[in-house]
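Below you'll find the structure, written out as structure tokens, and then a few comments.
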Amino acid sequence: MTSQPKFIVVEGLEGAGKSTAIAFIKQYLQQRGITPVCTREPGGTPLAEALRDLVKQLHSTEQVAAETELLLMYAARMQLLQNVIRPALDAGKWVLADRHDMSSRAYQGGGRQLNEQFINQLRQAVLGELRPDLTLYLDIDPAVGLERARQRGELDRIEQEQLAFFQRTRQKYLQIAHSEPGIAIIDASQALAQVQQQLKAALDQVLTA
Ligand code: Z5A
């Protein structure tokens with residue numbers, strides 16, 4: 001088993017099953033003697049959680065510019081990186097993240113159709129060379145994911161977007177997942193047991209790397 005700390009990210013549309021997957025992965029790692037530091041984005045520090053509340057809030061009187069939304073995501077990410085993710089990795093701890101940079105590229109780049117160059121400049125400024133060791137992308141038809149999310153209760157500002165927004169977001173997720181290394185595509189429409197089998201197979205590769 002590897003002693004190098006790993007940075008593992010779980011990504012996907014709402015209702016894809018990220019929270020459920022993270023609980024499973026955490027337990028799977030713990031059974032192997034690894035207690036990961038768990039994060040979520042946007043959020044994970046007091047300031048980043050305040051930004052999360054702002055970004056998810058429904059604003060009835062003011063339109064939120066897509067660029068503002070993107071900048072808030074990266075402000076929260078910078079705070080989390082500086083205060084939690086980098087210190088954990090530097091201390092030899094594994095990090096298990098509920099969303100990270102791929103979300104901004106998919107939601108703001110794909111969904112909101114923001115300029116890719118603008119996003120890449122922010123990525124470079126905030127992340128530098130840091131990249132996850134493994135990204136588990138839970139792929140789901142947005143109609144199915146949103147229905148799962150809806151059953152849980154009221155939808156937030158972003159969740160209330162039209163289906164076309166989530167379809168563009170999914171397309172961007174898939175485009176990135178197919179073209180970059182270190183990303184496992186998990187079919188999240190399957191029953192939980194099958195999803196967990198796919199997660200295990202991808203995790204075993206980094207555990208033995
Ligand atoms: N956002 C962004 O735009 N840009 C960024 O850079 C970042 C984020 C970082 C954060 O929401 C919002 O911010 C998100 C993207 C945006 N907004 N939207 N819209 P979040 O991450 O806090 O919440 P979420 O994405 O909406 O996650 P979620 O709704 O909590 O979904 P989930 O964690 O993926 O799903 P879950 O809670 O594990 O499962 C949902 C339900 O399905 C639950 O009842 C499960 O029991 C059930 N489930 C799970 N797996 C299965 C399977 N396999 N079969 C059947 N049922 C299942």
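Read the numbers this way: they start at 1 and go in the same order the structure lists the ligands and their atoms.
Side chain of Asp133 to main chain of Ile8: no donor-acceptor pair is present (N/O by atom type, distance under 3.5 Å, no hydrogens or angles). Of the possible polar contacts, none joining the Arg40 side chain to the Asp98 backbone as a donor-acceptor pair under 3.5 Å is found. Although no hydrogens or angles enter the test, the distance criterion places no donor-acceptor pair under 3.5 Å between the side chain of Thr68 and the main chain of Val64. Judged by distance alone, with hydrogens and angles left aside, the side-chain atoms of Lys6 form no donor-acceptor pair with the main-chain N or O of Leu96 at under 3.5 Å. Using modelled atom types, one side-chain atom of Arg77 and one backbone atom of His100 make a donor-acceptor pair closer than 3.5 Å.
In this structure, Arg32 satisfies the cation-pi test against Tyr28, with its NZ or CZ atom closer than 6.0 Å to the six-membered ring centre and inside 45 degrees of the ring normal.
Of all protein heavy atoms, the one lying nearest to atom 19 (N) of ligand 1 is Glu14 OE1, 2.3 Å. Of all protein heavy atoms, the one lying nearest to atom 4 (N) of ligand 1 is Gln108 OE1, 2.9 Å. In terms of protein heavy atoms, atom 54 (N) of ligand 1 is closest to Arg148 NH2, 3.2 Å. Shortest contact from atom 29 (O) of ligand 1 to any protein heavy atom: Arg152 NH2, 2.7 Å. Of the protein's non-hydrogen atoms, Thr20 OG1, 3.5 Å is the one closest to atom 49 (C) of ligand 1. From the protein, the heavy atom lying nearest to atom 6 (O) of ligand 1 is Ser104 OG, 2.5 Å. Nearest protein heavy-atom neighbour of atom 16 (C) of ligand 1: Ile158 CD1, 3.8 Å. Nearest protein heavy-atom contact of atom 27 (O) of ligand 1 is Lys18 NZ, 3.4 Å.
Inside a 4.0 Å radius of atom 44 (O) of ligand 1 there is not any protein heavy atom. Within a 4.0 Å radius of atom 2 (C) of ligand 1, the protein contributes at least one heavy atom.
At a 4.0 Å cut-off, at least one heavy atom of Arg77 sits close enough to ligand 1 to count as contact. Within the structure, the closest approach of Pro42 to ligand 1 falls below 4.0 Å when heavy atoms are considered. Ligand 1 lies within reach of Lys56, whose nearest heavy atom is under 4.0 Å from it.
Residues satisfying the side chain to side chain donor-acceptor pair (under 3.5 Å) test with Arg99, not counting sequence neighbours, are Ser103, Tyr107, Tyr173.
By the 6.0 Å contact criterion, CD on Gln31 is enclosed, its count of non-hydrogen atoms from other residues, nucleotides or ligands being greater than 12.
Rounding to the nearest 0.5 Å places CG of Asp101 at 12.0 Å from CE of Met73.
Looking at Gln190 and Gln198, their side chains do bring a donor and an acceptor atom within 3.5 Å of each other.
Taking only nitrogen or oxygen atoms, main chain and side chain alike, Gly15 reaches within less than 3.5 Å of ligand 1.
Residue-ligand proximity, Gln190 to ligand 1, at heavy-atom distances under 4.0 Å covers atoms 52 (C), 53 (N), 54 (N). Taking a cut-off of under 4.0 Å to the non-hydrogen atoms of Glu41, the atoms of ligand 1 that pass are 9 (C).
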Got a list of side-chain donor-acceptor pairs under 3.5 Å for residues 124-132, not counting sequence neighbours?
| unit_1 | atom_1 | unit_2 | atom_2 | d |
| --- | --- | --- | --- | --- |
| Arg131 | NH1 | Gly128 | O | 3.3 |

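When the options Arg40, Arg52, Arg99 are ranked by their closest heavy atom to atom 22 (O) of ligand 1, first place goes to Arg52.
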